[in-house]
Q: 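This is the structure I want to talk about, given as structure tokens.
Residue numbers start from 1 in every chain, and the chains themselves are labelled A, B, ... in the order their sequence lines are given, proteins ahead of strands.
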Number of protein chains: 2
Amino acid sequence: MTSYKELFAGKGLKNTKSRNLIYDILNETGLPMTAEQIFVRLKETNKSVNLSTVYRTVELFVEKGLVLKAIMAEDNKAMFEINHHEHKHYLVCLNCKEMIPVAGCPLDEYEKVLIDRMGFDVTGHKFEIYGYCKNCQKLNSEHKKEDF
Amino acid sequence: MTSYKELFAGKGLKNTKSRNLIYDILNETGLPMTAEQIFVRLKETNKSVNLSTVYRTVELFVEKGLVLKAIMAEDNKAMFEINHHEHKHYLVCLNCKEMIPVAGCPLDEYEKVLIDRMGFDVTGHKFEIYGYCKNCQKLNSEHKKEDF
DNA sequence: GTAACTGCAAACCTTTTGCAGCTTG
DNA sequence: CAAGCTGCAAAAGGTTTGCAGTTAC
């Protein structure tokens with residue numbers, strides 16, 4: 001179990017067992033997880049942390065900028081992932097729900113256009129691409145173009 | 001009160017008072033609304049429809065492709081809007097929560113690139129731009145660049 | 001007439017909160 | 001030691017469901 005002493009201290013957070021465990025799980029997994037998933041993962045490894053603590057912790061991490069929060073359409077649950085401070089988007093498979101990260105972002109130019117055209121002060125954006133991953137394409141084929 | 005007899009019939013739905021009312025509200029408003037908002041709006045005009053009926057109805061509309069559903073980050077509530085079958089995105093003001101529609105979409109090209117590069121079969125995408133609208137820019141100024 | 005729809009109340013599920021006890025710096 | 005964390009249990013808030021009665025076709 002790693003210790004994130006300095007990392008937490010820098011944000012005015014105490015370095016506790018739960019926080020280390022939760023940050024670890026998010027780090028290892030490398031993908032967005034729900035609070036429940038984090039909770040279950042910890043339970044499996046007999047390093048149980050109370051579910052409310054998980055919620056409080058990830059929310060705190062979000063507040064301090066250590067973690068990013070996103071709410072997935074469909075099953076409206078919040079998902080949390082380590083903030084690597086890189087700009088990243090996901091391909092979300094509609095079948096297996098896997099989230100595949102893609103580097104790069106085609107939107108910066110567009111944001112500038114919007115600022116000019118609409119006088120809207122852009123601070124960020126969210127961009128998710130839905131479809132079917134390679135694996136699921138083999139299995140399924142009766143999907144149609146949808147509107148998002 | 002308009003009647004959407006043919007529209008509903010085409011989707012195998014019965015033409016009922018509640019459905020007309022709900023579709024009407026969404027049409028008039030022209031912007032995404034929560035089930036609650038629809039419910040309240042109807043109550044105000046003494047055309048009360050039960051909240052569960054609102055939920056059942058909008059969800060049905062979504063299923064039939066008449067309405068689009070989106071879940072707003074922050075307060076994770078589902079929002080519903082008429083599906084005009086046009087590709088549209090929103091500027092979401094982080095202060096007043098207003099959603100300003102923008103026509104056009106810079107992403108089609110990018111989707112093609114992804115298909116080639118990742119073998120991912122894209123069926124759609126969701127794109128929301130966060131920031132501050134003209135009005136709120138005047139009031140606030142202490143906002144920082146955030147990660148989404 | 002029958003299948004579909006609605007209202008009502010209760011259940012559900014994710015997330016939040018109050019409080020008492022325990023840790024960390 | 002004081003402030004901050006955690007567990008527990010209970011509440012909150014959005015959404016769903018079972019059922020009995022009503023309505024549309």
Q: Would you kindly give the CD-to-C1' distance between B:Glu63 and C:dA4, to the nearest whole Å?
A: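 After rounding, the reported distance stands at 14 Å.
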
Q: State whether a side-chain donor-acceptor pair under 3.5 Å links A:Tyr4 with A:Glu6.
A: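 Side chains of A:Tyr4 and A:Glu6: no pair found under 3.5 Å.
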
Q: Classify the nucleic acid contact of A:Glu36 as base, sugar-phosphate or nothing, counting any heavy atom under 4.0 Å across all strands shown.
A: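 Since no nucleic acid heavy atom lies under 4.0 Å of A:Glu36, the category is nothing.
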
Q: Is any side-chain heavy atom of A:Val40 closer than 4.5 Å to one of A:Gln37?
A: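 No. Closest side-chain heavy atoms not under 4.5 Å.
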
Q: Rounded to the Å, how far apart are B:Lys47 NZ and C:dT6 C1'?
A: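 Nearest whole value for this atom pair: 18 Å.
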
Q: Return yes if a side-chain donor-acceptor contact under 3.5 Å exists between A:His125 and A:His89, otherwise no.
A: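 Indeed, the side chains of A:His125 and A:His89 share at least one donor-acceptor pair under 3.5 Å.
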
Q: Between P on D:dC5 and OH on A:Tyr4, what's the gap in Å once rounded to a whole number?
A: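 Roughly 18 Å, once rounded to whole Å.
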
Q: Counting side-chain heavy atoms from CB outward, which of C:dT6, D:dC8, D:dT6 is closest to A:Asn50?
A: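 The listed nucleotide nearest to A:Asn50's side chain is D:dC8.
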
Q: With sequence neighbours excluded, tell me which residues meet salt bridge (charged side-chain N to carboxylate O under 4.0 Å, His left out) with B:Lys64.
A: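 For B:Lys64, no residue satisfies salt bridge (charged side-chain N to carboxylate O under 4.0 Å, His left out) once neighbours in sequence are set aside.
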
Q: If you check the A:Leu51 side chain, which of C:dT15, D:dG4, D:dA24 turns out closest?
A: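 Of C:dT15, D:dG4, D:dA24, C:dT15 is nearest to the side chain of A:Leu51.
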
Q: Within this structure, what is the CE-to-P distance between A:Met79 and C:dT14, rounded to whole angstrom?
A: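 Answer to the nearest Å: 12 Å.
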
Q: Quick one: on DNA chain D, does A:Leu60 or B:Lys14 contact a more 5' nucleotide (nearest heavy atom)?
A: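 Looking at DNA chain D, the more 5' nearest nucleotide goes with A:Leu60.
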
Q: Any non-hydrogen side-chain atom of B:Arg41 less than 4.5 Å from a side-chain atom of B:Met33?
A: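 Touching, per the 4.5 Å side-chain cut-off.
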
Q: Output the rounded distance in Å from CG (B:Leu21) to C1' (C:dC5).
A: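 Going from CG in B:Leu21 over to C1' in C:dC5 covers 14 Å.
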
Q: Between A:Lys77 and C:dT14, is there a side-chain N or O to OP1/OP2 distance below 4.0 Å?
A: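 So the side chain of A:Lys77 is within the cut-off, an N or O lying under 4.0 Å from OP1 or OP2 of C:dT14.
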
Q: Does any non-hydrogen side-chain atom of B:Lys88 lie less than 4.5 Å from one of B:Glu81?
A: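 Yes, close enough: below the 4.5 Å cut-off.
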
Q: Would you indicate, yes or no, if D:dG7 has its OP1 or OP2 atom less than 4.0 angstrom from a side-chain nitrogen or oxygen of A:Thr53?
A: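 For A:Thr53, the contact criterion (side-chain N or O under 4.0 Å from OP1 or OP2 of D:dG7) is met.
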
Q: Would you sort out whether B:Glu59 and B:Lys69 count as a salt bridge (Lys or Arg N to Asp or Glu O under 4.0 Å), showing the intermediate values?
A: CA-CA 8 Å; B:Glu59 212 61 65; B:Lys69 175 180 184 175; 3.3 Å; yes

Q: Taking only side-chain nitrogens and oxygens of B:Tyr55, does any of them come within less than 4.0 Å of OP1 or OP2 of D:dT15?
A: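 Yes, B:Tyr55 has a side-chain N/O under 4.0 Å of OP1/OP2 on D:dT15.
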
Q: Calculate the interatomic distance between B:Phe8 atom CZ and D:dT23 atom C1'; express it in whole Å.
A: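 Roughly 15 Å, once rounded to whole Å.
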
Q: Could you give the CG-to-C1' distance, from B:Asn20 to C:dT6, as a whole number of Å?
A: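 About 15 Å, once rounded to whole Å.
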
Q: Which nucleotide sits closest to the side chain of B:Val49: C:dC5, C:dG7, D:dT15?
A: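 Of the options given, the side chain of B:Val49 lies nearest C:dG7.
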
Q: Output one line per pair: protein atom, nucleotide atom from nucleotides 18-21 of chain C, and distance, for all N/O pairs under 3.5 Å.
A:
unit_1 : atom_1 : unit_2  : atom_2 : d
C:dG18 : O6     : A:Arg56 : NH1    : 3.3

Q: Starting at atom NZ of A:Lys5, determine the distance to atom P of C:dT23, rounded to an integer number of angstrom.
A: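 After rounding, the gap between these two atoms is 17 Å.
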
Q: For C:dT6, does either OP1 or OP2 sit under 4.0 Å from a side-chain N or O belonging to B:Thr16?
A: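 Yes, B:Thr16 has a side-chain N/O under 4.0 Å of OP1/OP2 on C:dT6.
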
